[in-house]
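The next block holds one structure in the form of structure tokens; read it before the comments.
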Amino acid sequence: GVAAQASLVKISACTYTKDNADTLARCLDSLRWADEVMVLDSGSTDATEAIAKQAGARWEFRAWTGFKDQLTHVRDLATHPWVVVVDADESVPAPLAEEIRRKVDAAGDLVAFAIPRETRYLGRWLRHGEFFPDYTLRLFRKDAVHYEGEPHTRLVPHGPVGRLGNPLRHEGFKSLADQLETTQRYSTSAAAEMHRTLAGPCPALAMVTRPPLRFLKAYVAKGGFLDGWPGLVLAATTAHYVFLKYAKLWELTHARRPGD
């Protein structure tokens, strides 16, 4: 586990799970410094619950209704005024834990902090491309934020935001097959949300233009080529996600009922 100096302000460290037995023990071990560790589960059938309880974490259940609802519930369940939320395949190294304590104690009028994140992908810790430094708002005052968006839910702060320097560590996808399964789910959900809200560009035009632009952004503009073959694969699969998202939006927009 990691140690961090006790702070004046209490902090809840939270994660949400569904069959995360492979990674949860490492995640929870990295949160032992927090004043509360809470796991919100949505119906695991593997050893997730046993691992959480063995680690001494508070265990809660809520049926899955989407990322925004689940994360909002995580925020609401947290006992303490400041909350750090990590995914079950992430961990908080000791330098980050210590920095969280220091920054929260001296937060002043800041209501949230963006934390950089480094991802292991196909056996390599990425240092370039779209996935590094990948700043994400994970540390916040629970009474001063809300969540919006689906499936790519984002935290919306109701005040000024700071930045931390030490990164979260993210284990990433188990395999390419795992990534492609996730891509299917996320692209379906994103297309449905765009169709429901009538947001987004003309899907036919976006299918042609946006995937290659996304590839060039990830691989060239943001230096993904410096991450070797994993950088190439990630840029290509990210572009594939963008293509699928707009192809599925086009399908929804042009759906025909039988007999039409």
Side-chain angles (χ1 to χ4, degrees), residues 1-17 23-40 52 55-58 60 67-68 70-120 125-128 130-149 152-172 222:
V2 300
Q5 207 169 15
S7 66
L8 304 171
V9 181
K10 299 289 189 184
I11 301 172
S12 294
C14 306
T15 189
Y16 56 103
T17 55
T23 60
L24 186 61
R26 183 192 303 113
C27 171
L28 295 180
D29 188 54
S30 79
L31 302 177
R32 291 180 183 275
W33 54 271
D35 301 293
E36 172 186 50
V37 178
M38 191 268 288
V39 176
L40 178 62
R58 176 179 153 209
E60 300 285 350
F67 285 100
K68 184 179 80 170
Q70 210 72 357
L71 284 164
T72 298
H73 209 64
V74 165
R75 179 204 65 186
D76 293 345
L77 283 170
T79 302
H80 298 307
W82 279 83
V83 181
V84 59
V85 176
V86 298
D87 292 347
D89 59 359
E90 294 172 339
S91 58
V92 176
L96 174 58
E98 290 158 9
E99 187 181 15
I100 287 171
R101 287 290 199 192
R102 289 197 312 272
K103 293 285 190 175
V104 164
D105 277 346
D109 63 348
L110 298 178
V111 301
F113 290 91
I115 304 177
R117 187 171 78 150
E118 57 184 357
T119 295
R120 195 205 310 260
W125 287 104
L126 301 179
R127 294 289 184 269
H128 311 90
E130 287 191 281
F131 283 71
F132 188 83
D134 191 25
Y135 278 96
T136 179
L137 286 171
R138 299 295 193 84
L139 175 63
F140 54 85
R141 213 177 74 203
K142 69 172 283 186
D143 64 350
V145 299
H146 72 274
Y147 285 100
E148 65 181 33
H152 296 292
T153 300
R154 66 189 190 94
L155 185 78
V156 180
H158 307 161
V161 171
R163 274 193 173 188
L164 302 189
N166 291 287
L168 271 173
R169 302 208 97 182
H170 176 225
E171 286 300 322
K222 294 210 166 187

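Atom set for the values below is all heavy atoms of this structure, side chains included, hydrogens, waters and symmetry mates excluded. These figures come from a predicted structure and were not determined experimentally.
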- Message: Quick check: do Asp87 and Arg138 have side-chain heavy atoms less than 4.5 Å from each other?
- Response: yes
- Looking at side-chain heavy atoms only, is the closest gap between Val156 and Val145 below 4.5 Å? no
- Task: Step through the shown structure and confirm whether more than 12 heavy atoms of other residues, nucleotides or ligands are within 6.0 Å of NZ on Lys68.
- Result: no
- Separation between CG of Leu71 and CD of Glu148, rounded to the nearest 0.5 Å: 12.5 Å
- Where does the angle between the aromatic ring planes of Phe140 and Tyr147 fall among parallel (under 30°), tilted (30 to 60°) and perpendicular (over 60°)? perpendicular
- Does NZ or CZ of Arg163 lie under 6.0 Å from the centre of the six-membered ring of Tyr135, at an angle within 45° of the ring axis? yes
- Message: Taking the side chain as everything from C-beta on, heavy atoms only, tell me whether Lys222 gets closer than 4.5 Å to His128.
- Response: no
- Message: Does Lys10 form a side chain to side chain contact (heavy atoms under 4.5 Å, CB included) with Glu36? I'd like the steps, not just the answer.
- Response: CA-CA 8 Å; Lys10 299 289 189 184; Glu36 172 186 50; over 6 Å; no
- Query: With side chains defined as the heavy atoms from C-beta onward, is the minimum distance between Asp143 and Pro81 less than 4.5 Å?
  - Reply: no
- Task: Kindly indicate whether the side chain of Ser91, heavy atoms from C-beta on, has any atom under 4.5 Å from the side chain of Arg169.
- Result: yes
- Side-chain touch Arg75/His146, heavy atoms, less than 4.5 angstrom: yes
- Task: Begin with the C-alpha distance, continue with both residues' side-chain angles, and end with the deciding distance and a verdict on side chain to side chain contact (heavy atoms under 4.5 Å, CB included) for Val85 and Leu155.
- Result: CA-CA 11 Å; Val85 176; Leu155 185 78; over 6 Å; no
- Is there a side-chain contact between Tyr16 and Phe67, using heavy atoms and a 4.5 Å cut-off? yes
- Query: In this structure, which one of Met38, Arg58, Lys142 forms a side-chain contact (heavy atoms from CB on, under 4.5 Å) with Thr79?
  - Reply: Arg58
- Query: Rounded to the nearest 0.5 Å, what separation is found between the OG1 atom of Thr136 and the CG atom of Asp134?
  - Reply: 6.5 Å
- Message: Could you work out, with ring pair (Phe, Tyr, Trp, His ring centres under 6.0 Å) as the rule, every residue matching His152, not counting sequence neighbours?
- Response: Tyr186, Tyr241
- Item | Worked check of side-chain hydrogen bond (donor to acceptor under 3.5 Å, both in side chains) between Asp89 and His170 | CA-CA 6 Å; Asp89 59 359; His170 176 225; 3.1 Å; yes
- Any chance you could measure Thr119, atom OG1, to Leu126, atom CG, to the nearest 0.5 Å? 6.0 Å
- Message: Can you tell me how far apart CZ (Phe113) and CD1 (Ile100) are? Round to the nearest 0.5 Å.
- Response: 10.0 Å
- Item | CA sep, side-chain torsions, deciding dist, call: Leu40, Leu77, side chain to side chain contact (heavy atoms under 4.5 Å, CB included) | CA-CA 9 Å; Leu40 178 62; Leu77 283 170; 3.9 Å; yes
- Item | Close side-chain approach of Arg32 to Val37, heavy-atom, < 4.5 Å | no
